[in-house]
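For reference, the structure discussed in these notes is given below.
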Amino acid sequence: MTHSANTCSPSKELIVLKLGGSAITRKDGDHLLDRPLVEAIAKELAGIDSKLILVHGAGSFGHPVAKRYGIHQGYRERGQLRGVTETKSSMLQLTMMLTELLADHNVAVIPFLSSSCMVASRGRLLRVDTEPFRMMLDLGFVPLCSGDVVADVETGFSIVSGDQIAVYLAERLNAARVIFGCDVDGVFDSDPKMNPHANLIRVITPRTLSEKVRSIGESAATDVTKGMLGKINESVSLVSVGREVVILNLRRPGNLTRLIQGEDIECTRFIPDSRGPTA
Ligand code: IPE
């Protein structure tokens with residue numbers, strides 16, 4: 001197996017890409033990867049000349065089993081230990097499938113277990129050992145980790161989302177941007193899966209955030225729009241220190257490459273006020 005020559009270059013910008021579970025897994029059954037989509041993404045990633053960290057979500061691999069055992073509620077009773085093992089096991093399967101597919105397309109991927117290097121407090125990341133990420137990035141590797149069940153100082157264990165991990169790593173490792181790859185084009189004023197007339201919100205800044213959120217409205221906030229707002233809320237501190245967050249559709253071929261080449265694609269950009277339209 002040969003890997004692309006993503007050699008050590010301190011001047012290359014770092015991008016953290018979240019591979020959303022709803023985009024990379026299929027909903028028609030547990031433990032099904034959307035293989036053609038992941039292959040297309042892998043081809044694009046092999047051609048990207050930036051340092052990259054990948055964080056994948058759970059989709060049909062982690063959410064159903066985690067929900068069944070109430071893992072998100074933290075430790076309640078011994079029976080949940082089995083659920084943690086099952087959740088971890090399905091996330092590991094997904095990580096392995098992604099690792100193999102990415103490696104087959106010459107992406108120098110190196111898997112990390114979030115549960116082995118992260119500690120949370122009530123579901124919020126408290127500590128992450130970022131040193132191995134930094135060192136492997138400098139060698140030209142593409143670290144891959146996932147949303148996961150991690151040890152929690154308050155609740156025993158908790159689920160930390162890939163969104164939170166992506167933003168945390170971007171902050172600590174000075175990434176220029178975070179890209180949230182989803183199965184819709186970005187943040188809409190209502191759920192685009194339910195409403196064909198939903199409008200894509202192209203630009204959000206910390207200053208315009210509350211007005212944009214109000215335009216979605218409580219009653220219109222479905223799981224999809226809530227998930228999108230979660231990504232935005234997670235990113236406020238990152239954008240406030242000058243970085244950019246993009247929410248885009250991974251199911252549109254070429255989107256990643258075009259974005260990174262500076263093209264104006266259909267997506268939502270969450271950018272600092274100083275670069276916003278009214279600045
Ligand atoms: C969830 O990760 C991790 C587990 C359920 C163990 P995410 O919250 O990032 O997953 P997606 O992207 O929403 O599927």
Side-chain angles (χ1 to χ4, degrees), residues 16-34 37-38 41 53-75 80-98 111-120 122-125 128 143-152 155-170 178-184 186-187 191 193 221-235 238 245-251 256:
V16 180
L17 170 63
K18 163 83 193 292
L19 300 170
S22 58
I24 60 169
T25 72
R26 287 168 36 186
K27 288 174 195 74
D28 49 335
D30 281 2
H31 299 124
L32 293 175
L33 183 70
D34 187 335
L37 179 80
V38 175
I41 294 169
I53 294 180
L54 302 175
V55 183
H56 71 80
S60 61
F61 280 74
H63 287 302
V65 58
K67 196 170 171 190
R68 196 155 65 240
Y69 286 91
I71 307 300
H72 59 285
Q73 295 164 342
Y75 181 86
Q80 285 175 303
L81 300 194
R82 165 106 201 167
V84 172
T85 308
E86 283 181 27
T87 307
K88 284 289 315 169
S89 161
S90 30
M91 291 307 286
L92 273 171
Q93 279 178 44
L94 180 54
T95 304
M96 279 312 299
M97 286 179 186
L98 292 171
F112 279 73
L113 284 187
S114 301
S115 55
S116 305
C117 59
M118 303 184 188
V119 175
R122 297 197 183 280
R124 299 302 303 171
L125 284 171
V128 177
L144 167 71
C145 64
S146 73
D148 209 349
V149 184
V150 306
D152 191 300
T155 60
F157 50 71
S158 57
I159 291 187
V160 176
S161 72
D163 293 356
Q164 190 189 156
I165 293 172
V167 171
Y168 187 104
L169 290 175
V178 173
I179 301 173
F180 288 111
C182 310
D183 63 347
V184 292
V187 184
D191 184 350
K193 291 178 180 172
T222 60
D223 276 0
V224 175
T225 52
K226 271 188 206 142
M228 290 298 161
L229 291 175
K231 292 180 201 312
I232 294 290
N233 287 331
E234 199 68 71
S235 309
L238 188 70
V245 171
V246 177
I247 302 177
L248 57 67
N249 194 341
L250 282 178
R251 293 183 177 271
L256 272 174

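Everything numeric here is computed off the predicted structure, so don't read it as measured data. Atoms within each ligand, like the ligands themselves, are counted from 1 in listed order. Here, residue 1 is the first one in the sequence, and each next residue gets the next number.
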## Note on the structure
for atom 8 (O) of ligand 1, nearest protein heavy atom and its distance come out as S161 CB, 3.6 Å
### Query
Quick one: nearest non-hydrogen protein atom to atom 6 (C) of ligand 1, plus distance?
T87 CG2, 3.7 Å
### Query
Which atoms of ligand 1 are found less than 4.0 Å from any heavy atom of G21?
11 (P), 12 (O), 14 (O)
### Message
Only heavy atoms of G147, strictly under 4.0 Å: list the atoms of ligand 1 that pass.
### Response
2 (O), 3 (C)
Is the shortest N/O to N/O distance between [X] and ligand 1 below 3.5 Å?
X	value
G162	yes
A58	yes
G57	no
K18	yes
H63	yes

### Message
Test of understanding: given a 4.0 Å heavy-atom threshold, classify the contact between H56 and ligand 1 as side chain, backbone, both, or neither.
### Response
neither
### Summary
Under 4.0 Å between heavy atoms, the region of V55 that gets near ligand 1 turns out to be neither
### Flag, side chain of D148 to backbone of S115, donor-acceptor distance under 3.5 Å
yes
### Task
List the steps and the verdict of side-chain contact (heavy atoms from CB on, under 4.5 Å) for L94 and S146.
CA-CA 9 Å; L94 180 54; S146 73; over 6 Å; no
### Message
Looking at K193 and D191, is there a salt bridge between them, counting it only when a charged N and a carboxylate O are closer than 4.0 Å?
### Response
no
### Query
Are D152 and R122 close enough for a salt bridge, meaning some N to O gap below 4.0 Å?
no
### Task
Look up atom CD1 in I71 and atom CG in L81, then write down how far apart they are to the nearest 0.5 Å.
8.5 Å
### Message
Suppose we screen for salt bridge (charged side-chain N to carboxylate O under 4.0 Å, His left out). Which residues come up paired with E234, at least two apart in sequence or across chains?
### Response
R124
### Message
Taking atom NZ as the centre, does K27 end up with more than 12 heavy-atom neighbours from other residues, nucleotides or ligands that are less than 6.0 angstrom away?
### Response
yes
### Message
Could you walk me through whether K18 and V178 satisfy the side-chain contact (heavy atoms from CB on, under 4.5 Å) test, starting with their C-alpha distance in whole Å, then the side-chain angles of each, then the deciding distance to 0.1 Å, before giving a yes or no?
### Response
CA-CA 8 Å; K18 163 83 193 292; V178 173; 5.6 Å; no
### Summary
Check: of G59, S158, G227, min heavy-atom distance to atom 14 (O) of ligand 1 comes from G59
